[in-house]
Structures are given as structure tokens and as C-alpha cells.
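The structure appears right after this line, and notes come after that.
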There are 2 protein chains.
Amino acid sequence: MTDLKSTINPLFLREEDLRQGIELLFYAYRDFTGEPDRILQTYGFGRAHHRAIYFVGRNPGITVTELLGILRITKQSLSRVLGALVEQGFIAQDADAGDRRRRLLTLTARGEALEADLTRTQIKRFARAYREAGAEAVEGFRRVLMGIVNPDDRARVGNPIAQSRKRDADQQSRKRDADQQSRKRDGN
Amino acid sequence: MTDLKSTINPLFLREEDLRQGIELLFYAYRDFTGEPDRILQTYGFGRAHHRAIYFVGRNPGITVTELLGILRITKQSLSRVLGALVEQGFIAQDADAGDRRRRLLTLTARGEALEADLTRTQIKRFARAYREAGAEAVEGFRRVLMGIVNPDDRARVGNPIAQSRKRDADQQSRKRDADQQSRKRDGN
DNA sequence: GATTTAAGGTCAGTCATGTTGACTTATTAT
DNA sequence: ATAATAAGTCAACATGACTGACCTTAAATC
């Protein structure tokens, strides 16, 4: 594919190629979530639980507000999911010593075990894909997909929030639409 | 990022890098679907409608069974969505002359207009990302993401079904679990 | 110190989109 | 003639989004 067309001709921006990108993202996401979904079913959990577990595991001590910022859902939506995970002992909440309004979220041993179980399947899938494609392709993959992510969120991709916490705080103070953030409807 | 680590050391398969991939896919998919979702809301439609419109537009004359194979949902799920789209004149159904059991699906002029409207936002996002990343990166993006897709479905990524129809037929006859395909639970 | 703001939680109701299961109707294939 | 296929339908249910209205506690500001 490093042929004339894509090398010397910026016409690689043909609609066909762009649609291929759209479809790649659709199929990849569909298959990427398939295996974890099956595991979650055995626990009576869904993909929403997976996301919560994943990002709490990735950001130990994350606050509820920060988690909402990553997931882009309402706190009412998160509360059901988080409530179930706390109740069943996968996630622990502890008041922040500095600001006792905040509840710091961490995975329990049980939560870590489930997180590892779920993430293992996705890690494997990526490991195979990275290995088969090679280091250079992986770098291209990163560059393109990072370009798909909204600029504001690029900093936190792949980075635990510790590094981006200051930036988040800035954004939040810049404007935060009251209590009920305006969220778009979803379903998938 | 073309540093020593990722160039001469296959250790680029570190868990950190793999998790970055996972997160990239999560954030990219989340942002990639955001704009269309907002447009769809004004029609009272959701992401499921978008997917149906997209793939019918991409595969004019596709049958219901073929569409189900792409979307990986049950026909009962599709029927609601498809029913609404047909009823409101976005999609037309016509009996196949050769096999009159089949209903060939095509977009109406109205459907094409909506499809274009929805896809435009995603095309733009990809065009920018491709342009900024460069042709080589795009090739890497393709290779990696194709590796994430289940092998069985790689052939149809980016290809209208015309080309892959024979293969689909083979797979279907190989085994097709009765009427109610075994589908995993979802939500997202 | 009183008031406002922020972080978190909760109750109630709705919607979109997935799922099973059980049938029906045409049409084609055996 | 019978069986299989393509499509559709009715019913019930689960999940995970959403809005709106409120409450509590703790911190920040006036």
C-alpha cells in the first residue's frame, strides 16, 4: 500500500479510504468488546461495569467526578454501576483526607482480579495485532487514532490522571455547566 | 516515539503500550460517534439507525440477513430500527426478482441525504486525522486495526458486500444456528 | 459566621437498543 | 409433498443511557 497513489498523491483522502477507516473502527470496536462482554455476563455485569473497573484500576484514587469526565455519562448512570461494584466488593470508596467531600475510588483485590481477567483478553488481542503489524505500523496507528480523539482529551489517552489532573482542574473551572451536565443520549 | 525503545526493542509490547491502545480505541470510538448522535437525536433516531443507514447505503440491495450479519444483532432488534426507517421513507424494500423471499434494501433519496449528513462528520474527522498523520501512518493504522478485527470479518472491512457475498454464503451454510442466532448481550 | 459552591448521592420516570422465545407467512429447494 | 430459508411479528425483559428534582456534607468565599 506504499504505492504511488498513497505516497505521492494526497488523493489518498478519497472517500473510499475514509469510509474504510469508519468501518475499521466499527468492526474493531465491535470485536474488541465481544470477549469481555461474555465474561461480564457471568457476573451479571455489562460493559458499563467494565469501563468503570478499567478506569478505576488504571487511576487508583480517582474521584467520582473525574471518572464521570472520562466516561462522559451522568452521575445517575454511573451510580447504578458503581453502586453494584461497591456493594459486591469490587471497588472501595474512601474519603479523601485533604478534601473530605471526595470519595477516592480504588479496586479491591477482587476488583483487580476481575479487571485483569477482562483486560487480559483485550491485551492479548492488541499484542497480537501490534506484533503482526510491526512497530512502525503501531506508531501510525497511534498517530491516526489520536487524531480521531477530540483534542481536549488527547492528553489523557494512555496516561493515568495523575499527570493530567491539573489540566482537568483547569477545564473544570473554565466552565462546568451546573449540576446536570448536558449529555447527549446514547445507548451504545 | 521512534526512539530506541520502540525501534530496537520488541519490548514495545509492554503492558503500558497495549493499554494505551485499549484507551485509544475507547476514546476514539466515543468521540467518533458523538457528532452523528447529536444529529440523529433531531430525527428521533439513535446510533442503531445510523448503522442501518450506513450499511444499507454502503451496500445497496443488501438483504436483511446480510445486514444482520454485519451488525451482529437479532432480527427482532433490527426490525424496530428498520421498520422506523422504512415507515419514514429513508429505506426502501423491494423483493428480489431472482428469489422473491428476499427483500433488497436501498436508501431512498431522503435516506441518502441523511446518510450523507451523518457520514460527513465522520469523514471530516478521518480526513483531518489522516492528513495530519500522513500516508505512512494511515497504512499503519489500517494494519493494526485490521488485526484487531476478527479474522472472519476482515474481508468485508471497507468492501461492499458484492465482493464478499460468496464468502458470506459459504460461512452461512457452514453452520447457521437455526432461527435465533446465539447473540451475546450488549447495550453498547 | 453566614452564605455559596462543590462533591457526591438519591428517587422517579423515560427512552433506545439489545436480548429470548414462540410463532406465522411466503417462497424456494429437496 | 415436505423441508428449509428469508422475513416478519408479538410479548416480555435487561441494560444503560437520559432528564429533573432534591438532599447532605464539606469546603470556599464574602
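Quick note on labels: first sequence line is chain A, next is B, and so on, each numbered from 1. Below, each value reflects all heavy atoms present in this structure, side chains not excepted, and no hydrogens, waters or symmetry copies.
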B/Ile73 has its side chain closest, among C/dT19, D/dA7, D/dA17, to C/dT19

From the candidates D/dG8, D/dG16, C/dG18, the one with an atom nearest any side-chain atom of A/His49 is D/dG16

Check your understanding: Is B/Glu23 paired with A/Arg58 through a side-chain N to carboxylate O contact shorter than 4.0 Å?
Key -> yes

- prompt: Between B/Asp31 and A/Asn150, is there a donor-acceptor pair closer than 3.5 Å when you use the side chain of the first and the backbone of the second?
  reply: yes

B/Leu82 CG to D/dA6 P, in whole Å, measures 16 Å

Can you give me the N/O atom pairs linking the protein to nucleotides 2-4 of chain C at distances under 3.5 Å, or say none if there are none?
none

In whole angstroms, the gap separating C1' of D/dG16 from NE2 of A/His50 amounts to 16 Å

- [ ] Specify whether B/His50 and B/Tyr54 have parallel, tilted or perpendicular ring planes, treating 30° as the upper limit for parallel and 60° as the lower limit for perpendicular.
- [x] perpendicular

#### Entry: Distance below 4.0 Å between A/Thr74 side-chain N/O and D/dC18 OP1 or OP2
yes

Atom CD of B/Glu66 and atom C1' of D/dT5 are separated, to the nearest Å, by 14 Å

Rounded to whole Å, CG of B/Leu105 lies from C1' of D/dG8 at a distance of 13 Å

Closest non-hydrogen atoms of A/Ala133 and B/Val144, given as atom of the first, atom of the second and distance, are CB-CG2, 3.6 Å

Against the side chain of B/Ser77, the closest entry in C/dG18, D/dA17, C/dT10 is C/dG18

Using modelled atom types and a 3.5 Å cut-off, is there a donor and acceptor pairing between side-chain atoms of A/Arg154 and backbone atoms of A/Val149? yes

Sequence neighbours excluded, the answer for side-chain hydrogen bond (donor to acceptor under 3.5 Å, both in side chains) partners of B/Arg101 is B/Asp99

Taken to the nearest whole Å, CG/A/Leu104 to C1'/C/dG8 is 12 Å

Can you say whether a donor on the side chain of A/Gln76 sits under 3.5 Å from an acceptor on the base of C/dG13, or the other way round? no

Practice task
Examine the base of C/dG18 for any acceptor or donor lying under 3.5 Å from a partner atom in the side chain of B/Arg80, and report the outcome as yes or no.
Solution key: yes

Of the listed D/dA7, C/dT20, C/dT17, the closest approach to the B/Arg103 side chain comes from D/dA7

Give a yes or no on whether a salt bridge exists between A/Arg142 and A/Glu139, defined as a side-chain N under 4.0 angstrom from a carboxylate O.
yes

Is A/Glu35 salt-bridged to A/Arg125, cutoff N-O under 4.0 Å? yes

Check your understanding: Are B/Gln122 and B/Phe32 side-chain neighbours, meaning at least one heavy-atom pair lies under 4.5 Å?
Key -> yes

In numerical order, the residues of residues 84-101 of chain A whose heavy atoms come under 4.0 Å of DNA chain C are A/Gln93, A/Arg101

